[in-house]
Protein chains: 2
Amino acid sequence: MTLYLNLANLLGTRIEQGLYRPGDRLPSVRALSQEHGVSLSTVQQAYRELEDRGLARPQPKSGYYVPSARPVAELPQVSRTAQRPVEVSQWDQVLAQVANSPNESVLQLGRGRPDISQPTLRPLLRSLSRLSRRQDLNGLTYGNIYGDIGLREQVSRLLLDSGCRIPAEDIVITTGCHEALSAALRAICEPGDIVAVDSPSFHGVMQALKGFGMKALELPSDPLTGISLEALELALEQWPIKVIQLTPTCNNPLGYIMPEASKRALLTLAQRYDVAIIEDDVYGDLAYRYPRPRTIKSFDEDGRVLLCSSFSKTLAPGLRIGWIAPGRYLDRVLHMKYMGTGSTAQLPQLALAEFIRDGHFEPHVRRMRAQYQHSRDQMQEWIRRYFPAGTKVSQPQGSFMIWVELPEGFDSQRLNRELLPQGVQIAPGSIFSAAGKYRNCLRMNYAARPDAEVEAAVRLVGETAARLLEGR
Amino acid sequence: MTLYLNLANLLGTRIEQGLYRPGDRLPSVRALSQEHGVSLSTVQQAYRELEDRGLARPQPKSGYYVPSARPVAELPQVSRTAQRPVEVSQWDQVLAQVANSPNESVLQLGRGRPDISQPTLRPLLRSLSRLSRRQDLNGLTYGNIYGDIGLREQVSRLLLDSGCRIPAEDIVITTGCHEALSAALRAICEPGDIVAVDSPSFHGVMQALKGFGMKALELPSDPLTGISLEALELALEQWPIKVIQLTPTCNNPLGYIMPEASKRALLTLAQRYDVAIIEDDVYGDLAYRYPRPRTIKSFDEDGRVLLCSSFSKTLAPGLRIGWIAPGRYLDRVLHMKYMGTGSTAQLPQLALAEFIRDGHFEPHVRRMRAQYQHSRDQMQEWIRRYFPAGTKVSQPQGSFMIWVELPEGFDSQRLNRELLPQGVQIAPGSIFSAAGKYRNCLRMNYAARPDAEVEAAVRLVGETAARLLEGR
């Protein structure tokens with residue numbers, strides 16, 4: 001992360017937080033140079049960056065101002081849901097997302113892939129390579145079903161950042177967060193059971209519910225604060241809900257961080273109605289704010305929260321290494337893991353343990369957080385520039401995914417069909433709903449460095465959307 | 001494989017097949033030397049090897065003979081089963097097997113681990129190491145859900161050996177055979193459904209049935225020819241069976257190879273009653289006979305057979321790479337795979353594809369087959385020597401696992417408890433039955449080279465068993 005980007009991010013955050021308001025004059029180049037101990041040209045670079053992001057406007061001979069007429073994109077609506085348990089559909093649409101190979105020519109704005117091209121990831125490759133050459137071949141045999149104890153100890157240490165004190169013995173390594181979520185659901189629910197979910201919500205969980213014959217009760221979520229606790233309480237009154245499944249920190253797809261007070265209140269509700277919570281924290285370490293937000297699990301006292309996560313978003317998805325801290329459900333979860341995959345691959349576990357132990361995890365994640373925050377601003381600016389007027393956009397507080405809402409009646413599946421022959425793919429909103437809602441929405445990935453190719457793709461999406469809207 | 005071991009195996013097979021009978025004089029050293037173009041000392045070494053295995057007896061000044069009073073161990077009984085669908089138990093016992101780490105001090109005779117210490121596996125490590133260093137990082141990202149096409153093409157080619165012509169497009173890579181079996185079961189059955197299984201049978205499948213709430217209908221199996229077709233037909237008449245799940249080639253745990261005619265007859269039955277077949281072929285490539293036996297899948301014409309396998313037994317289990325050829329159930333299986341793990345790790349797929357493409361698979365498997373056959377003979381000899389009189393032993397035709405039957409009333413779980421403090425673990429027979437039958441049986445692994453440590457362990461098992469038998 002260069003100096004000027006650091007400074008631009010800092011000022012950008014202050015502008016977004018309202019410290020400087022539309023029309024305000026921003027600090028002079030000289031003042032910032034003195035305050036932060038950087039050169040004048042670094043400050044000028046930072047201001048040019050803010051200009052690009054639409055956050056600062058130069059006024060000749062006067063300095064930089066917060067754009068007064070800045071067309072702030074509206075937030076998406078608070079989602080409206082069916083308020084009754086439904087069966088899950090949409091598998092065809094999901095399959096279309098996951099059936100592409102990584103090196104195909106389509107620019108996959110739709111998938112949840114992190115940027116894996118940064119040099120801070122190289123020590124991991126070196127560990128993998130070195131361990132592969134070792135003669136004792138531990139990496140090639142069956143591990144034990146819990147996973148490598150060295151890696152579990154490192155995960156236990158990393159969990160302290162989110163306020164969790166979980167001993168390594170209570171952590172089980174899984175084949176990605178996917179297996180963690182899948183094992184958690186089956187550990188608690190039978191077919192026919194009702195699972196309360198935030199909505200919109202990760203399609204992997206939706207499809208797991210479908211496959212296990214469970215029903216989803218989709219609860220409305222606010223694009224800034226998350227799942228509606230009022231709706232949840234009503235639902236708990238009304239339906240025999242077995243478990244609440246949600247992604248409260250850097251939500252996928254909406255990007256919000258549920259406030260700590262809401263997290264506590266949700267846990268209290270779960271205790272009162274005696275239901276379990278499956279907390280997906282796979283993006284939690286990518287929150288832009290420091291220190292990272294606490295998990296619901298960190299407040300859990302009676303083991304009712306099953307915390308699921310992985311290294312797929314922070315490091316590299318191809319490793320397929322995740323984990324679960326299943327609280328009181330440990331034995332059931334182990335059984336489900338045994339049924340599903342037997343054990344998790346050893347070699348990537350050994351390499352990851354080494355990577356974290358040697359202190360490479362934090363610098364990499366720090367770098368990626370800054371990059372993603374920068375890319376988010378750029379992506380929002382492009383959406384403002386290239387999408388039809390009235391497009392609503394989420395304000396992600398972490399991770400690398402943005403949610404775009406077009407007017408009611410817009411068809412993002414059709415948009416995808418139009419885009420694919422031109423080599424671009426987005427994720428249609430309907431796959432984030434059990435009932436196939438949010439057809440007028442879409443999710444895009446901004447993990448890649450915001451270069452001309454990505455800009456052209458976003459422009460194509462926006463212009464195609466406008467064309468479809470006019471034609472209807 | 002050295003020359004003398006090749007010759008010993010050849011002669012051993014002829015003796016077992018009855019070409020030479022007890023009391024017969026075996027060919028002279030000179031004759032064999034001429035016939036096979038090897039030195040006299042090589043033939044002498046081979047005879048000493050056969051002597052060790054109890055298959056040849058020297059008679060001074062006369063040559064070698066087949067031992068006339070050779071105490072051939074009896075085969076285990078044809079299994080008797082409940083003949084009605086039962087729910088699966090035994091998870092605690094299975095967990096005890098899989099909760100150990102590979103490098104712990106216990107000699108794990110109980111687990112299904114192959115020997116991964118042979119030099120023919122080294123090119124795989126080299127590929128893994130080299131691919132880890134590559135800059136384009138394809139190995140670190142999400143693969144597509146079907147798996148790497150390069151590997152699927154290699155699997156398609158390998159399948160020709162078992163008589164299958166399956167295009168790469170119809171093969172899905174999985175996280176071990178475990179995920180293949182688990183996805184296959186869920187692709188066809190709902191909770192409460194009845195699955196017909198050979199018995200005794202792989203505990204992974206038993207536990208999957210338990211976890212999915214399915215019922216097992218255990219069918220008696222002959223230790224030489226496998227599942228009883230008569231019992232199967234009766235069961236198909238009587239119960240609404242959804243699928244037949246079995247391991248017909250190099251059965252786990254009994255080691256038999258179901259005759260080709262029986263395989264065809266079983267398929268005909270499945271067609272007549274319109275049920276699917278889940279065929280576990282994970283040990284099929286380790287059949288001692290060449291060419292390897294055909295699979296049931298190779299006779300399948302209407303896509304009702306789901307063939308499941310992996311590289312865990314032929315190469316290395318820690319890779320967690322398996323596959324499934326799901327026939328007409330492709331879409332359902334994909335959905336189950338997506339739910340369970342999302343996708344399979346990329347790096348080991350790329351390394352495996354290279355290993356097979358470069359011609360390293362066949363030499364390695366050839367070597368391992370010969371080693372395992374030799375170890376089987378040694379293991380049988382040790383069991384004869386150290387186990388109580390009347391112990392019955394399977395005659396494995398492939399793989400590296402042997403089934404031992406002690407008198408009715410013997411408790412192999414107690415045996416395991418006695419052995420563990422002494423650093424040895426066997427697999428109690430009860431985990432191979434849904435209903436916890438076969439408590440008087442146990443399974444042992446003979447993958448490791450038969451050295452003094454293994455001999456001491458087998459001796460300990462036999463003597464402890466004898467002590468328990470006397471004490472009861």
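Numbers restart at 1 for each chain; the letters A, B, ... are given by sequence-line order, proteins then strands.
- Residue Arg332(B) does not touch chain A at all, counting heavy-atom pairs closer than 4.5 Å.
- Comparing Cys177(A), Ser129(A), Ala316(A) by heavy-atom pairs within less than 4.5 Å of chain B, the highest count is held by Ser129(A).
- Of the listed residues Ser343(B), Gly176(B), Gly204(B), the one with more heavy-atom pairs under 4.5 angstrom with chain A than any other is Ser343(B).
- Of the listed residues Met206(A), Met339(A), Gln349(A), Met336(A), the one with more heavy-atom pairs under 4.5 angstrom with chain B than any other is Met339(A).
- Proximity to chain A is limited to the side chain of Leu95(B), based on heavy atoms less than 4.5 angstrom apart.
- Atom NZ of Lys215(B) has 12 or fewer neighbouring heavy atoms from other residues, nucleotides or ligands inside a 6.0 Å radius.
- Between the Arg320(B) side chain and the Thr341(A) main chain, a donor and an acceptor come within less than 3.5 Å of each other.
- Shortest non-hydrogen contact noted between Trp91(A) and Ile145(B) is CH2-CD1, 4.3 Å.
- Neither the backbone nor the side chain of Thr174(B) comes within less than 4.5 Å of any heavy atom of chain A.
- Ranking Pro114(A), Gly342(A), Gly322(A) against chain B, the residue ahead of the rest is Gly342(A), based on heavy-atom pairs under 4.5 Å.
- Neither the backbone nor the side chain of Val205(B) has a heavy atom closer than 4.5 Å to any heavy atom of chain A.
- Using a 4.5 Å cut-off between heavy atoms, Asp148(B) does not touch chain A at all.
- Of the listed residues Gln207(B), Glu179(B), Lys210(B), the one with more heavy-atom pairs under 4.5 angstrom with chain A than any other is Gln207(B).
- Taking every heavy atom of both residues into account, Ser132(B) and Leu128(A) meet most closely at OG-CB, 3.6 Å.
- If you measure heavy-atom distances from Arg111(A) to chain B, the contacts under 4.5 Å come from the side chain alone.
- Top candidate by heavy-atom pairs under 4.5 Å with chain A, chosen from Leu209(B), Leu315(B), Leu181(B), Asp331(B), is Asp331(B).
- Both the backbone and the side chain of Tyr338(B) come within contact range of chain A, each with at least one heavy atom under 4.5 Å from a heavy atom of that chain.
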